[in-house]
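Whatever order the structure lists ligands and atoms in, that order sets their numbers, starting from 1.
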Amino acid sequence: MSVLIFVDHIDGHIKKASHEALSYGAKIAEQTGTTAEAVILGTVNDDLEKLGEHGVKKVYQVQNEQLQQFDSQVYTKVIAQVAQQSGAKVIIFSNNSSGKALAPRVAVRLKAGLAAGVNALPDTSNGFTVRKTVFSGKAFAQVAIDTEIKVLSLNVNAFTIITGEGKAEVIPFDAIVESPKLKTIDSTKTSGKVSLTEADVVVSAGRGLKGPENWGMVEELADTLGAALACSRPVADAHWRPHNEHVGQTGIAIAPNLYVAVGISGAIQHLAGVNRSKVIVVINKDPEAPFFKAADYGVVGDAFEIVPKLTSAIKKL
Ligand code: FAD
């Protein structure tokens, strides 16, 4: 039973989520006495041999002009070819936007069982059972997969990146690559300096900020912490901030190590997208704000006083 991990990249670099997936896949391989292998589509600037430091033995690289742009249908067929030829029995994706598009498609193609949103190593003592999050992270489900091939997508930021010694063998893979049916004419980067889904730290603000003209202090705090920016839904609906910063049930679900919420009430629909954050800090002037119940640290006070003080204190560190 070999394990195949899909390696995702952006702007020529492998995503942090993929380093987590590689470490996770190598653990399963160790647990089951098999080998971990990776597949990467397109070209990156990173040294692929170094992926061996996470415990993978081989990296199949499919290089083709058609693969430089992500296309879920084209990618699915290529990954399925690599999985079939390498004899992979467990195929791992990150549960991010590309993983969400690919994992179910690859599972259908390979007639494999799928568990999405996995957050623990599988129990392989009697079959193959994994734990996954359900109901926007409010509960866990144990899922037994009994198909020969299993596809998993892993929650981002749920697994530690393991780095040791080792070099992976990089193997060029000659796959049949179809022409994409969609053509990207233009793309514009709208997110901030740090990608929201990849960020370790996220600073988020809500309607308590009164208007878009007040975001300067939030941006300064985010810059000081090296954080990505996020917002509540009404803020995006009012066009104070772009919709790709909106987190929650109807926005992006994130799981950073630190989530700082400024002037956000903590409605259940907001919490659904942020409650997998490791540490939550809430700044709100209302001591009864529901967000305090979900917070690890809370500051009751006016954001317009607290945020600049916090930023200047962090700058002095
Ligand atoms: P408010 O509820 O207006 O809260 C503002 C907060 O700021 C208050 O707690 C207030 O005490 C505090 N405040 C005010 N002034 C200050 C100050 N000077 N200093 C400090 N604190 C201050 N919401 C999302 O965010 N994401 C979603 O994905 C989402 N999906 C939804 C889906 C559905 C189907 C529905 C019905 C709703 C959804 N919502 C979502 C909306 C959600 O229910 C809340 O209305 C929304 O999260 C509230 O945003 P807010 O906290 O920014 O604003």
Side-chain angles (χ1 to χ4, degrees), residues 95-97 99-101 116-117 133-139 155-157 190-192 194-199 201-225 227-314:
N95 197 27
N96 53 12
S97 56
K100 280 177 186 164
T133 48
V134 289
F135 302 123
S136 303
K138 282 212 159 297
N155 280 338
V156 175
N157 260 349
T190 50
S191 53
V194 183
S195 151
L196 186 51
T197 47
E198 292 276 296
V201 182
V202 174
V203 174
S204 186
R207 211 152 39 179
L209 258 77
K210 319 286 184 230
E213 65 282 4
N214 295 324
W215 245 260
M217 65 176 187
V218 179
E219 283 169 349
E220 202 184 341
L221 176 60
D223 278 352
T224 310
L225 288 167
L229 281 171
C231 68
S232 66
R233 177 173 160 167
V235 161
D237 285 346
H239 304 295
W240 295 358
R241 297 299 300 175
H243 257 295
N244 58 331
E245 286 183 9
H246 149 204
V247 288
Q249 184 187 317
T250 46
I252 299 172
I254 54 169
N257 288 326
L258 174 63
Y259 182 71
V260 183
V262 183
I264 302 178
S265 57
I268 189 155
Q269 296 89 353
H270 184 85
L271 290 176
V274 302
N275 59 9
R276 288 195 299 107
S277 307
K278 299 231 162 70
V279 175
I280 296 179
V281 176
V282 170
I283 301 169
N284 197 304
K285 69 175 186 185
D286 175 9
E288 301 296 321
F291 221 149
F292 284 121
K293 290 204 181 90
D296 297 283
Y297 300 93
V299 182
V300 179
D302 187 342
F304 294 93
E305 269 178 43
I306 307 290
V307 173
K309 279 188 187 160
L310 184 61
T311 307
S312 95
I314 295 168

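The line from NE2 of His243 to CZ of Arg233 is 7.5 Å long, rounded to the nearest 0.5 Å. We find the CG-CZ distance between Asn284 and Phe292 to be 5.0 Å, quoted to the nearest 0.5 Å. Between atom CG of residue Leu258 and atom CG of residue Asp296 there is a gap of 9.0 Å, rounded to the nearest 0.5 Å.
For residues 201-215, the side chain to side chain donor-acceptor pair (under 3.5 Å) pairs, not counting sequence neighbours, are Ser204-Tyr259.
Sorted by chain and number, the heavy-atom contacts of ligand 1 below 4.0 Å come from Gly206, Arg207, Gly208, Lys210, Ser232, Arg233, Pro234, His246, Val247, Gly248, Gln249, Thr250, Gly251, Gly263, Ile264, Ser265, Ala267, Gln269, His270, Asn284, Lys285, Asp286, Gly301, Asp302, Ala303, Phe304.
Shown are Thr311, Leu209, Val260; of these, the side chain to side chain contact (heavy atoms under 4.5 Å, CB included) with Val218 is made only by Leu209.
Ion pair Arg241/Glu219 flagged as a salt bridge, since at least one NZ, NE, NH1 or NH2 atom sits closer than 4.0 Å to an Asp/Glu carboxylate oxygen.
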